[in-house]
Amino acid sequence: MAIKKSQLYSALWESCNALRGSMDASQYKDYVLIVLFVKYLSDKAGQPGFRLKVPEGCSFKDFVALKQDDKIGEKMNTKLEAIKELNARQIGDLTLPNFNDPTKLGSGRTMVDTLSRLIGVFENDALDFSRNRAADDDLLGDAYEYLMKNFAAESGKSKGQFYTPAEVSRVMAKVLRINELDRAEHTIYDPTCGSGSLLLRALAEASNPRVSIFGQEKDSSTAALAKLNMLLHGISSADIKVGDTLADPQFKQYGMVSTFDVCVANPPFSMKNWLASGMENDQYNRWTANLLPPAKCGDYAFLLHLIASMKSEEGRGACILPHGVLFRGNAEYDIRKYIVKQHYIKGIISLPPNIFFGTGIPASIIIIDKKNKDSRNGIFFIDAKDGFKKDGAKNRLREQDIKRIVDAWDAQQNIPHYCRMVEWNEIEKNDYNLNIPRYIRPVDKEVQHDIEAHLHGGLPAFDIDNMDAFWKACPTLKDSLFQLKNNGYYSLKPQKAEISNVIDNDTSYKEQGTAFAQLLNEWKEAVKPQMLAISQGERPKELITEWSKSLLAKVLGHSGLVDAYEVYDVLLNYWAEAMQDDCYMISNDGWTYPEVKAVKRKETTDKKTKQTKVKETVCMYDEIVCDLLPVSVVLAEYFSVETAEIAKLSEQIDRKQADMDNLVEQNTEVFAIGDDDEQEENKEISVKAADVKAAIKNAYKDGTSEENVKFLQQWIDLSNEKDVLNKSLKKKRSQLTDAVVAKYSVLTEDEIKMLVVERKWLASVISGCKALMQNVTHRISNDITALVERYETTLSETANAINDLEKEVLASLKEMGFTV
């Protein structure tokens, strides 16, 4: 079977534990990724189309042979140099980490143990990269991205800038018309390429995968990561150079910086001391002494370099910069005014705060396009700062946020509170200040209090009208909930507790639910044949692109209550969670009989001999593991009667136990037996059947009352009944386990397809989408409840309540002898 991405990610992150603690994440990533590269190279070498080679004695098994070798670090360095030398044409001048560095890896036995553990992680049988042959499976590339993200998260404020979040990279790549790059001579360039993720996302959008990519990175070890990233994505032609882009650009032609079709960049924010002596009049004409970025802030230096690196007629690019570049004054004002008057800026996208590693400040994507710049009407602004999900300590763009941004950019149509085209004359009137709140008014979330309603009660028409989106979608819902009074204010018809029920039972709301369910069913019936037809060699990424596109289009065409982009998010989230792995398994291996794991393996280490022992036990039916076809699906389809019987028995056992516990709790002194020591206060009494039987047998001798004996016997009777039920349960569970394992072995390919596609994939997606409709009920109900509670107590009622409380306090004080 092919490797699951989730399994690979887990195994790779485990490898980091071998080094974590001995050095900073920004350092140990280099060691982990090189060993990953060696494993990948060894597994792939010799396969058709794979150009890299493994020198004699340098395969991964030769690295494994070095475990516990006293000179393991030195020998690993020698083998890595041999790999680099044999593949010099593809790898180039790759900076290798030193595996014999005692300052980072420890000395003597510490180094030997650390490197041995690191190699050992990659011996996992699941990490056989030779088995993954899906046409578009960037398994290692995606795993590399996963590690980069986690390394960046752990590297701290000043060391996480080598990685641009994949979601932001995707947005940048999709707004740059990169799909027009259809020839190998087309070029993409990143002057601050870091680990190369932004370049690769841009390349993924090109029509021709052979488009040439170029990058420069100041830090040599980070440049090495970029080269590895390219190789693990199957790209050996990328030109990655090392050097300071501002002081010494490496890509030059005829004494000027080279120009490219597309430029992308995520430079260090507000870099200090970038301006070296003699750079005031730039020899490459990127800036002049009259238009010179501040020496203590390099933001505009990078942007001007990017503009100079774009082809004069067709060049375009996108650069991530902090919001300050949009409005800061002095020298930056002059540069901003110059760039705006040149009509270089095509758009600005405001991003959420705290999404970049190394900084929490908000930033924007500045989109530069030289094509048709003189016929452009203005700058298209998108305010996407509120579209994100909390992800640990950082924020992250969701799939729906990415799609919403890209769709808005493609349409170039005004959307209230989100995006609009701002013409040049408006920007000039604002003195070239590009701060987004000047042009896009955010949604007013401040509660507007109505004094009249506070004084006399009622619900203001203004607040009811603000819920107009609900009333348009459900024409009868407003009348079901509210009554308009003569004074122009509304009153709530049902009780507060009944608001949700009224919404659910409203005719137009139910029609909305029915229509939404019909849309989902239409989409389901359209994509089901495509899902059933997946075969070996399929391109899963193309499939999900088509399925998600069709689902979004289906829901967007319906003016309903559910946000179409949230529906889109449900599908894409499920794809990432489970469906992606399934599709890649099918693409690799076809609809083969699912690999069923019905045995549990537990490893234990003998403390004396240090030998590892493996104990195997048979799984029960609900513990059986099958990645493609979960046991829960098989149980629901074929064994619903049996599972219902087992559930019923389990409930009966739980009730018997509850009766026994209640009996003990109500008669603690009677059941305080079997323990010679005095019972601890509040300690839960542990009752054993043998002790209870002994207490009954010795009742006469111990002077136990008949009533207490009755309680003891009652407990024994319940215990016996429970034992009978437990035996029956054990038997039925065993029988069901045998039946489930047998069923897996006789499933036909058509049955497997039906179960996976209909019962697993589509059932999960449709269920998630329908939950969104129920969320609408909660949202409407919560909004109305909050509105009602805001005005349900009038000012006079509040004043009267205060007076009553004051009287009670005064009366109490008087009783205590105090006079106010």
Side-chain angles (χ1 to χ4, degrees), residues 89 92-93 176-178 180-194 196 198-199 202-203 206 208 210-220 223 226-227 230 235-267 271 274-293 295 298-319 321 334-335 338-339 341-346 366-374:
R89 186 174 180 182
D93 187 22
L176 285 174
R177 298 186 286 113
I178 296 180
E180 296 178 8
L181 303 185
D182 55 4
R183 302 194 306 274
E185 55 266 31
H186 280 142
T187 54
I188 304 174
Y189 166 64
D190 184 345
T192 57
C193 69
L198 185 50
L199 270 174
L203 179 63
N208 189 333
R210 298 178 66 84
V211 165
S212 301
I213 55 178
F214 304 84
Q216 181 168 343
E217 171 54 42
K218 186 176 182 178
D219 183 83
S220 60
K227 291 179 182 180
M230 301 298 159
I235 300 166
S236 57
S237 59
D239 191 354
I240 307 296
K241 296 185 182 298
V242 179
D244 185 332
T245 295
L246 298 181
D248 184 22
Q250 294 294 297
F251 296 98
K252 299 183 286 285
Q253 190 174 23
Y254 309 122
M256 304 296 288
V257 293
S258 300
T259 57
F260 306 88
D261 294 291
V262 172
C263 300
V264 292
N266 179 20
M271 190 172 78
W274 68 272
L275 185 62
S277 177
M279 290 176 62
E280 293 82 359
N281 282 298
D282 182 50
Q283 61 177 308
Y284 307 109
N285 289 340
R286 294 171 294 179
W287 53 80
T288 66
N290 293 327
L291 286 175
L292 182 65
D299 293 329
Y300 269 107
F302 284 109
L303 185 59
L304 289 170
H305 173 85
L306 204 72
I307 292 172
S309 300
M310 299 175 195
K311 290 184 177 179
S312 59
E313 298 297 328
E314 296 288 328
R316 65 269 195 197
C319 187
L321 291 172
D334 295 330
I335 298 172
Y338 165 77
I339 294 174
K341 289 178 76 68
Q342 292 296 315
H343 292 187
Y344 283 146
I345 301 179
K346 184 176 182 180
I366 313 296
I367 301 160
I368 306 294
D369 199 337
K370 293 183 178 180
K371 185 177 182 180
N372 301 324
K373 67 182 183 65
D374 293 329

### Message
If you compare all heavy atoms of P293 against all heavy atoms of L304, which two are closest, and at what distance to 0.1 Å?
### Response
CG-CD1, 4.0 Å
### Query
What are the two closest non-hydrogen atoms of V264 and L198, and how far apart are they?
CG2-CG, 3.7 Å
### Query
Under the side chain to side chain contact (heavy atoms under 4.5 Å, CB included) test, which residues partner D248, sequence neighbours left out?
Q250, K252
### Query
Is there a side-chain contact between H305 and P267, using heavy atoms and a 4.5 Å cut-off?
no
### Message
Could you work out, with salt bridge (charged side-chain N to carboxylate O under 4.0 Å, His left out) as the rule, every residue matching K241, not counting sequence neighbours?
### Response
D239
### Any residue meeting salt bridge (charged side-chain N to carboxylate O under 4.0 Å, His left out) with R183, in chain and number order, not counting sequence neighbours
E185
### Heavy-atom closest contact (A223 atom, I240 atom, distance)
O-CG2, 4.0 Å
#### Entry: Those residues that, when tested against F260, pass ring-ring contact (aromatic ring centres under 6.0 Å, His included) (two or more places apart)
Y189, F214
### Query
Is there side-chain contact between R316 and R177, with at least one heavy-atom pair below 4.5 Å?
yes
### Task
Considering non-hydrogen atoms only, spot the tightest contact between N208 and D182 and give its length.
ND2-O, 3.2 Å
### Task
Check whether any side-chain heavy atom of I345 lies under 4.5 Å from a side-chain heavy atom of I368, and answer yes or no.
yes
### Task
Using salt bridge (charged side-chain N to carboxylate O under 4.0 Å, His left out) as the criterion, list what pairs up with K373, not counting sequence neighbours.
none
### Message
Could you report the tightest heavy-atom contact between A318 and L306, atom names first, then the distance?
### Response
O-CD2, 3.9 Å
### Query
Quick one: ring-ring contact (aromatic ring centres under 6.0 Å, His included) partners of H186, sequence neighbours excluded?
none
